Amino acid sequence: QVQLVESGGGFVQAAGSLRLSCAASTRSFSAYTMGWFRQAPGKEREFVARIGLSGSSTAYTDSVKGRFTISRDNAKNTVYLQMNSLKPEDTAVYYCAAGLGLRRGVTPRSYDIWGQGTQVTVDS
């Protein structure tokens with residue numbers, strides 16, 4: 001069973017930056033579409049970004065376009081989320097997700113495997 005382990009969350013001032021990492025325990029990492037979701041208290045889990053198998057295809061939710069960048073290193077079985085110009089409304093638990101094959105969905109059910117989440121808190 002593939003496991004995903006996120007890291008890199010923390011506390012940051014508004015306008016600051018963080019980089020999240022998600023390491024996957026599989027030799028077939030390049031066969032998975034990878035995504036990042038987030039969930040704020042009292043809210044549903046929402047799509048943030050996804051990246052295709054080779055890394056050439058990406059998609060973002062509108063609220064993070066131009067500020068967040070998703071990338072992957074298939075040699076290291078790791079996906080990243082670089083978050084710049086952070087805002088208080090970005091505060092949430094961020095989850096890494098994996099879906100076998102090419103996935104284009106932006107809902108949680110589009111992905112099969114989830115990490116445990118990492119907290120990101122942005123202070124104003």
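Predicted model only: the values in this text are computed from it and were never measured.
Looking at every heavy atom in both residues, A49 comes nearest to L81 through CB-CD1, 4.3 Å. For the residue pair P88 and S124, the shortest heavy atom distance occurs at CG-CB, 3.7 Å. Minimum heavy-atom separation, V64 to V48: CG2-O, 3.8 Å. Closest heavy-atom contact between F29 and A24: CD1-CB, 3.5 Å. Contact between S21 and W36 at its shortest, heavy atoms only, is O-CH2, 3.8 Å. Minimum heavy-atom separation, Y95 to R45: CZ-NH2, 3.4 Å.
Dense packing is recorded around CD of Q116, with more than 12 heavy atoms of other residues, nucleotides or ligands lying under 6.0 Å away.
Of the N and O atoms on the side chains of S17 and N84, at least one donor lies less than 3.5 Å from an acceptor on the other residue. For the residue pair T91 / E89, no side-chain donor-acceptor distance below 3.5 Å is found, with atom types taken as modelled.
No side-chain heavy atom of T61 sits less than 4.5 Å from a side-chain heavy atom of V106. A heavy-atom distance below 4.5 Å is not found between the side chains of R103 and Y32. P108 places a side-chain heavy atom less than 4.5 Å from the side chain of W114. Within the 4.5 Å cutoff, side-chain heavy atoms of L86 are placed close to those of L18.
Taking OG1 of T107 as the start and CD of E44 as the end, the distance is 11.0 Å to the nearest 0.5 Å. Rounding to the nearest 0.5 Å places CE of M34 at 9.5 Å from CG of N74. A distance of 8.0 Å separates OG in S28 from CG in L100, rounded to the nearest 0.5 Å. How far OG1 of T58 is from CZ of R72: 12.0 Å, rounded to the nearest 0.5 Å. Between the CE atom of M83 and the CG atom of L20 there is a distance of 3.5 Å, given to the nearest 0.5 Å. A distance of 6.0 Å separates CD1 of I51 from OG of S71, quoted to the nearest 0.5 Å.
No donor-acceptor distance shorter than 3.5 angstrom exists from the side chain of D123 to the backbone of Q13, with no hydrogens or angles considered. Looking at T118, its side chain does come within 3.5 Å of a backbone N or O of G9 through a donor-acceptor pair. For R67 (side chain) and S85 (main-chain N/O), a donor-acceptor pair under 3.5 Å exists by modelled atom type. Of the possible polar contacts, none joining the E46 side chain to the R38 backbone as a donor-acceptor pair under 3.5 Å is found.
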Q. Please walk me through it: do C96 and V79 pass side chain to side chain contact (heavy atoms under 4.5 Å, CB included)?
A. CA-CA 8 Å; C96 175; V79 62; 3.8 Å; yes

Q: Start with the C-alpha distance between R50 and S110, add both sets of side-chain angles, then the distance that settles side chain to side chain contact (heavy atoms under 4.5 Å, CB included), and finish with yes or no.
A: CA-CA 11 Å; R50 64 165 168 81; S110 299; over 6 Å; no

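V93 and I70 end up in different hydrophobic clusters when Ile, Leu, Val, Met, Phe, Trp and Tyr side chains are linked at under 4.5 Å.
For F47 and Y60, the ring centers are positioned 6.0 Å apart or more.
Using bins of under 30°, 30° to 60° and over 60° for the plane-to-plane angle, the ring pair F68/Y94 lands in the tilted bin.
A salt bridge is absent between D90 and K87; no separation between the charged side-chain nitrogens and carboxylate oxygens falls under 4.0 Å.
Note that R19 lies in the cation-pi zone of Y80, set by a 6.0 Å cut-off to the ring centre and a 45° limit from the axis.
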